[in-house]
Each structure stands twice: as C-alpha cells, then as structure tokens.
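Model, not experiment: these values are computed from the prediction.
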2 protein chains.
Amino acid sequence: MSCAEPKRCHHNQLVNCGDCRLGPLCLPIALNTAEIDQLDDIVKRGRPLGKGEHLFRQAEAFGAVYAVRSGSFKAYSTSDDGTEQVTGFYLPGEILGMDGISSLKHCSSAVALETSTVCEIPFGRLEELSSQLPSLQRRFFQIMGNEITKDQQMLTLLGKNSAEERVASLLLSISSRNHHRNLSPTRFRLSMSRAEIGNYMGLTVETVSRVFSRLQKQEVIGVDNREVEILDMAKLKSVANVT
Amino acid sequence: MSCAEPKRCHHNQLVNCGDCRLGPLCLPIALNTAEIDQLDDIVKRGRPLGKGEHLFRQAEAFGAVYAVRSGSFKAYSTSDDGTEQVTGFYLPGEILGMDGISSLKHCSSAVALETSTVCEIPFGRLEELSSQLPSLQRRFFQIMGNEITKDQQMLTLLGKNSAEERVASLLLSISSRNHHRNLSPTRFRLSMSRAEIGNYMGLTVETVSRVFSRLQKQEVIGVDNREVEILDMAKLKSVANVT
DNA sequence: ACTTCCTATTGACCAGAATCAAGGCTGGAT
DNA sequence: ATCCAGCCTTGATTCTGGTCAATAGGAAGT
C-alpha cells in the first residue's frame with residue numbers, strides 16, 4: 001500500500017484524534033477541541049498489525065482499551081477444553097478490550113482479521129483524564145453501556161432466533177455499521193470466515209453456508225465468496241425479523 | 001414481616017451504605033468511610049416493591065441505576081413482536097439498570113420476582129461524584145465491566161452449550177452468588193419460574209423441566225418445586241462443563 | 001373443604017440444525 | 001502455469017430440543 005499523502009492514509013500513524021475521520025464515531029464524540037487534544041496526548045498509535053496478529057490475549061494483564069482505526073478485529077474467548085467462542089467483531093471507530101476492566105485481566109483475545117491499525121488508550125490515564133473531563137467520563141460510560149446493550153441484543157438473538165434470522169441480523173449489523181462510516185451499506189467484503197461467523201452466531205460452518213446459499217437463491221443477497229451484496233434490503237430485514 | 005431491630009431488618013429503609021451488610025458486594029467496595037458517606041448522600045432508599053411490580057420499564061427515560069438490597073429482580077426486553085427475552089436475574093448486592101446508560105433510555109424492563117427493596121442511585125449524581133472520587137469512578141467502571149464479562153460468558157453458554165450444561169450453569173451461578181452473600185450454596189429457593197429460566201437460557205419450559213427431572217434422577221440435585229438442593233456439587237460442575 | 005388458575009411434569013411426535021462425508025474453489029506459493 | 005492447503009458448498013443422516021397435548025400438583029381465595 002502506498003501512502004502519497006500521509007495525513008489521509010488509512011494506516012499511517014501520524015493522524016491525531018482531532019483530524020481522524022473516525023472522530024464522530026469514536027471516543028471523542030461530545031468533546032471540545034481542547035479536550036480532544038488532551039485525549040490525544042494519552043493515545044498511542046502503534047504500527048499496523050498483520051492479519052492473524054494478536055492485539056491482546058486472554059489472561060494477559062489488562063492495561064488499555066483500543067479503538068480500531070482501520071481494518072477489523074475478532075474478539076474471542078477460549079475455555080478450558082480449548083473451544084473458542086467469538087464474542088464480537090470490531091470495525092473502525094469501535095472500542096475493544098473492555099472485557100478486562102473488571103478483573104484487570106483480559107478474559108478474551110483479540111486478533112486482526114486483516115491488516116489493521118488501532119489507537120491504544122492506556123486505561124489508567126483514561127481514568128485520570130475522565131476524572132478531569134466530565135464529558136469524557138460520560139462518553140466512556142456510554143461506550144461501556146453500548147457494549148452491554150449490544151451483548152444483550154446478542155443474547156436475544158442466540159436465545160430465540162433461527163439460523164436464518166441470526167445470519168441476516170449479522171449482515172444487517174455490518175451493513176449499518178458500514179453506513180455510519182460512509183461506506184456502502186449494500187456492498188462489502190466480509191473480513192471473517194464462515195466458520196468465524198458461525199462460531200459467533202452459535203451455528204456451524206455448514207449451516208452458515210446453507211443460509212447464504214438459500215438467501216442467494218431467493219435473490220435477497222448476492223454472494224461471491226466473501227464479497228456480499230444486499231439486493232433486497234427490505235426482504236433481508238423481514239428475514240432477520242426486524243422492522 | 002416484623003422488624004424488631006430496624007437497623008438489621010431486610011426491608012427497612014433506614015440502613016445506610018456504611019452499615020449495610022451488602023457493602024462488601026455492592027458499590028462501596030474500595031471506598032473509605034468518608035467516601036461511603038458521600039455516596040450514601042445520593043442514594044435513595046425506596047419502599048419495598050411487591051412481586052410483579054416494575055422498577056423501570058423499557059423505553060422509559062433512564063435516570064438511575066439500582067442496587068438490589070433484598071429480594072430479586074428479573075430484567076427482560078420485549079421486541080416489536082411482543083416476545084420477551086430475559087437478560088438477567090439480579091440478587092442482593094448486584095446492580096441493575098445499566099442498559100440505559102448508552103441511550104439514556106432503558107432498553108429493558110425490570111420486575112421484582114418477590115417482595116424486594118432497592119437502593120436507587122441517580123446516575124447524574126453518580127457521575128458527578130465519580131469525578132470527585134477516583135475510587136468510585138474506578139468501582140463503577142469495574143461494575144460495568146463485570147456486566148460485560150457476564151454477558152459474554154452468557155453468549156458462550158447460549159452459543160455452544162447443551163440444555164443440561166445451561167441449566168447446570170445457572171444453578172452453579174446462583175449457588176456461588178448465594179455463597180458470596182453468606183447464604184447456603186447448596187440449598188436455596190428459586191425466585192423465578194421454569195419458564196423464566198428457560199427464557200433466560202434459550203430453552204423451553206418443558207426442556208428445563210426435563211433437565212431438572214433428569215438431574216434429580218441422577219441424584220445430582222434434589223428438587224421440590226422451586227426448592228433446590230445441590231446434592232453432588234462435583235457432578236453438577238462436570239455436567240455444566242466447568243472445573 | 002372446594003374451586004380456580006397457574007405452574008410444572010411427562011409423553012409422543014416433529015423439525016431444524018449438527019454431524020459425517022465428499023467434492024469443489026480460491027488464492028498464495030513454487 | 002501448477003500445486004497445495006485452507007475455505008466453502010452440498011448432500012445424507014442423526015439427534016437434540018421444540019411443539020403439541022394431556023395431566024398433575026400447588027397456592028390463594030371463597
């Protein structure tokens with residue numbers, strides 16, 4: 001990847017929070033310019049991670065949360081018997097790593113699904129700064145509340161919905177998150193495998209694959225390997241059981 | 001219920017955080033005496049709620065979080081089509097209502113499963129006080145992090161585990177939470193119905209009932225309606241697939 | 001006591017997704 | 001280009017848990 005104009009480059013490390021095009025999605029919402037500068041001072045921007053590289057691993061000491069700047073991540077936890085459970089996919093502007101806050105140990109691992117960059121936000125310094133900036137404290141409470149809400153919606157999905165409803169919901173979720181980031185809500189490339197989707201949604205690879213095939217046959221979506229196009233948004237929503 | 005000595009009564013409204021026997025489980029952990037007094041000033045202790053009374057309802061404005069003082073609550077969300085999903089059970093010392101923090105609207109309802117009391121903690125004032133007391137801020141981040149961790153474990157349970165594993169896990173969860181509160185970890189009364197358990201665990205009433213019967217036949221537990229005794233803790237843990 | 005309503009149990013049957021088992025694609029490496 | 005490994009798809013079969021249905025047990029009120 002070539003970076004003619006560093007300030008605009010996806011993976012460059014010079015951008016600050018004030019200039020970041022993800023500002024309106026990320027931690028800085030509701031902060032004024034001076035506050036953003038203060039936040040900016042504690043944020044560390046690391047080198048890009050390659051596909052398969054870990055951001056943190058389960059049982060490691062918790063020290064920071066991370067904002068995805070580009071690319072995408074999968075969070076998963078491993079149980080004693082070695083089975084893995086995907087607990088979330090994280091796209092640019094989203095915050096991950098909050099699972100470690102309660103015990104000061106990460107209880108999940110996070111791995112890059114493609115070449116990705118993050119902003120590392122050391123938690124201790126975030127706490128300090130939050131004490132000084134009420135709007136940052138509020139914003140972070142809000143982000144954690146969001147994570148709780150999201151997980152609880154996921155519980156409903158896993159507890160009550162069929163395979164088709166689950167897969168359709170995931171596609172709609174990615175679609176709307178892309179939309180927020182000014183990307184196409186109807187055409188995108190999945191950065192995760194069928195197996196990872198299945199794991200996340202409590203299904204097997206085979207079932208996910210069959211649902212994709214069925215939805216394609218009904219012309220609700222077009223699928224070419226990981227490339228997805230939503231052809232009939234209304235129909236997809238009705239399959240997902242949402243209005 | 002008679003209350004000879006008000007200070008010790010389960011449902012009385014005079015107790016303050018400093019004297020509350022739930023202190024070591026609840027919000028005040030890690031606060032010193034002076035800090036607890038400050039917290040105490042913002043806490044409102046309401047009248048007892050009867051079984052079936054709501055603490056808050058979905059879509060209502062969010063204004064406070066609640067610490068269970070006695071009794072128990074069920075949190076659930078209702079979808080457009082009217083189906084309900086139980087998102088959690090809350091026992092004394094546990095905090096509920098955090099689902100409203102992100103959008104300032106409750107996205108679940110909470111109902112008392114039996115006669116119960118709560119401490120209401122107005123969120124705006126908690127935010128203010130958190131800015132002044134770093135240990136309170138930290139504690140509240142921790143409580144929210146706990147909720148996230150708990151929900152994610154629940155995702156694993158719903159995504160991967162069988163009916164027996166799910167029900168056994170719930171019994172173990174209640175057992176250990178009772179234990180923390182110095183109640184018997186092996187004998188307790190369930191405050192929720194089989195239907196509510198099933199709903200929470202993504203199962204039907206019939207399946208829950210069958211699992212209870214099977215576990216009883218194998219002498220892992222003894223069940224008499226809502227009265228449960230764990231007869232073989234080790235076996236129950238192996239059924240639940242935990243070590 | 002008796003009734004009524006609600007909750008729980010149990011059985012018979014069915015359906016959706018898991019499992020088992022081949023093959024077919026794809027993209028990266030040589 | 002060719003090969004290979006991992007990913008994906010599809011089919012056949014099995015099995016867990018859901019659905020439907022009937023009955024039993026309990027609690028609260030008359």
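Looking at heavy-atom distances under 4.0 Å, S209(B) makes contact with a base. Residue-level contact check: T204(A) touches the bases, meaning some heavy atom is under 4.0 Å from a base atom. G198(A) comes within contact range of no nucleotide atom at all, as no heavy-atom separation falls under 4.0 Å.
Between the side chain of S175(B) and the main chain of P185(B), a donor-acceptor pair closer than 3.5 Å is present. D81(A) places a side-chain N or O within 3.5 Å of a backbone atom of T83(A) that can act as its donor or acceptor partner.
The residues K51(B) and E114(B) are annotated as not salt-bridged, no charged nitrogen and carboxylate oxygen being separated by less than 4.0 angstrom. At a threshold of 4.0 Å, the pair E229(B)-R187(B) counts as salt-bridged, since one of the basic side-chain nitrogens sits closer than that to a carboxylate oxygen.
In this entry the distance linking CZ of F212(B) with C1' of dT10(C) reads 16 Å, nearest Å. Rounded to an integer number of Å, the gap from N199(B) CG to dA8(C) P is 13 Å. If you take CD of E196(B) and P of dT7(C), they are 8 Å apart, rounded to a whole angstrom. Between the CZ atom of R189(A) and the C1' atom of dT26(C) there is a distance of 11 Å, rounded to whole Å. Taking atom CZ of R226(A) as the reference point, atom P of dT26(C) lies 13 Å away to the nearest angstrom. Separating the CG atom of N161(B) from the P atom of dA18(C) is a distance of 14 Å, rounded to the nearest angstrom. Whole-Å rounding puts the M192(B) CE to dT7(C) C1' distance at 15 Å. dG16(C) atom P lies 12 Å from atom CD of E165(A), rounded to whole Å.
What you find for E84(A) and K160(B) is that their closest heavy atoms are O-CE, 2.8 Å. The minimum heavy-atom distance between N199(A) and V86(A), with the atom names listed, is OD1-N, 2.7 Å.
Pairs of residues two or more places apart, or lying in two chains, that qualify as side-chain hydrogen bond (donor to acceptor under 3.5 Å, both in side chains) and include a residue from residues 209-224 of chain A are E164(A)-R214(A).
First and last contacting nucleotides of DNA chain D toward chain A (any atom under 4.0 angstrom from a heavy atom, 5' to 3' order): dC7(D) to dA12(D).
Map V205(B) and R166(A) each onto its nearest nucleotide of DNA chain C; the residue landing nearer the 5' end is V205(B).
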Between the protein and nucleotides 20-25 of chain C, are there any N/O to N/O pairs under 3.5 Å, and if so, what are the atom names and distances?
unit_1	atom_1	unit_2	atom_2	d
dC20(C)	N4	E206(A)	OE2	3.1

Begin with the C-alpha distance, continue with both residues' side-chain angles, and end with the deciding distance and a verdict on salt bridge (Lys or Arg N to Asp or Glu O under 4.0 Å) for E196(B) and K74(B). CA-CA 9 Å; E196(B) 288 165 331; K74(B) 167 182 90 168; 3.0 Å; yes
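In this structure, a donor-acceptor pair under 3.5 Å is present between the side chains of S70(A) and T117(A).
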